[in-house]
Amino acid sequence: MDQPYTLYYAPGTASLAVHWMLVEANLPFQAIPVDLAAGAQHTATYRQLNPTGRVPTLVIDGEARSESAALLMLLAERHPDRALMPAVNAPDRALWLEMMIYLANTLLPAMRDWFYADTDGLADGAAAVRDLARRRIESAWDQLNARLQASDHAMQDQYLVGTTLTTVDFLAVMLMRWARDMPHPATSWPYLEVYVQRLTKLSSFQEVCRREGLTGWPRVQ
Ligand SMILES: N[C@@H](CCC(=O)N[C@@H](CS)C(=O)NCC(=O)O)C(=O)O
């Protein structure tokens, strides 16, 4: 039998999407907190698991793996019965791949720049980095909002891919949460606001927030 997964996480960070998916899919796992403020991600022990010194790390059958988007896709692939991605050759498969890569490749790095401009780069250039990051993030909200607006599906059936929950939604909602204190939070876009309000009512989202001690988002309508 496969071993339970081990998730190394820090509340509200890039590990949240993976944590949420493990809860939603009802998969066996243990969650180990990594104290980022104390620098636990930089210890030799943690870097053996994840040489990038970041969360999340997911130990799968004894092997440590990283990168939130890759972990979501890998879990979806390992548990096809949970139906959290369109099957290979299904009509929405290409869109699913496109959206996962868009979020991981465009939005996630811009978020990193927004939050880490001062420490990843030179403090002198941080304001310019943050300004570009904000533009990229807001342009992504434009794109996602337009996608939902153009969807043929009724608002109550709207997911970013098709009419059922997929890994794209775990990643997208996590990223939208990160923007909550930005000058223009994702929820200022009308279709994203409806989407966030709906998705965050899922019991699995509420449960992962309870486990990670996350409160206050989204604001109650
Ligand atoms: N591309 C990575 C990004 C991971 C990442 O940047 N994690 C942040 C938290 S959101 C982290 O571990 N920060 C600690 C640090 O950089 O020291 C992923 O998606 O997993």
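The chain is numbered in sequence order, starting from 1. One-based numbering, in listed order, for ligands and for the atoms of each. The figures that follow rest on heavy atoms only: side chains count, while hydrogens, waters and symmetry mates do not.
Interface atoms of ligand 1 facing Leu108, defined by a heavy-atom separation under 4.0 Å, are 19 (O). Those atoms of ligand 1 that come under 4.0 Å of a heavy atom in Ser68, given as number and element, are 18 (C), 19 (O), 20 (O). Which parts of ligand 1 touch Gln41 is read off a 4.0 Å heavy-atom cut-off, strictly below it: atoms 14 (C), 15 (C), 17 (O). Residue Pro56 approaches ligand 1 through these ligand atoms, each under 4.0 Å from one of its heavy atoms: 20 (O). Ligand 1 places these atoms under 4.0 Å from at least one heavy atom of His42: 17 (O).
Outside the 6.0 Å centre-distance limit, the rings of His79 and Phe29 are not counted as a close aromatic pair.
Remark: ligand 1 and Glu67 share an N or O pair separated by less than 3.5 Å (distance only, no angle test). Distances between N or O atoms of Leu36 and those of ligand 1 include no value under 3.5 Å. At a 3.5 angstrom cut-off on N or O pairs, Trp178 does not count as close to ligand 1.
When only non-hydrogen protein atoms are considered, atom 10 (S) of ligand 1 lies nearest to Ala14 N, 3.3 Å. Nearest protein neighbour of atom 6 (O) of ligand 1, counting heavy atoms only, is Arg112 NH1, 2.9 Å. At the shortest separation from atom 7 (N) of ligand 1 among protein heavy atoms lies Val55 O, 3.0 Å.
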Q: Carefully, step by step, assess Tyr9 and Arg211 under the rule side-chain hydrogen bond (donor to acceptor under 3.5 Å, both in side chains).
A: CA-CA 11 Å; Tyr9 80 103; Arg211 292 187 193 191; over 6 Å; no

Q: List the steps, then state whether side-chain contact (heavy atoms from CB on, under 4.5 Å) holds for Trp20 with Val173.
A: CA-CA 10 Å; Trp20 181 10; Val173 171; 3.6 Å; yes

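Proximity of a side-chain donor or acceptor of Gln158 to a complementary backbone N or O of Thr163 within less than 3.5 Å is not detected. At distances below 3.5 Å, not a single donor-acceptor pair connects side-chain atoms of Arg135 with backbone N or O atoms of Leu132. No donor-acceptor pair under 3.5 Å is formed between the side chain of Gln48 and the backbone N or O of Thr43.
Contacts between Tyr116 and ligand 1 below 4.0 angstrom, taking non-hydrogen atoms only, involve the side chain exclusively. With a 4.0 Å heavy-atom cut-off, ligand 1 is reached by no atom of Thr52.
The CG atom of Leu22 sits 6.0 Å away from the CG atom of Leu27 when rounded to the nearest 0.5 Å.
For the pair His184/Ile137, no side-chain contact is recorded, criterion being any heavy-atom separation below 4.5 Å from C-beta on.
Between Ala69 and ligand 1 there is no heavy-atom distance shorter than 4.0 Å.
Geometrically, Arg198 engages Tyr159 in a cation-pi contact, judged by NZ or CZ lying under 6.0 Å from the ring centre and within 45° of the ring axis.
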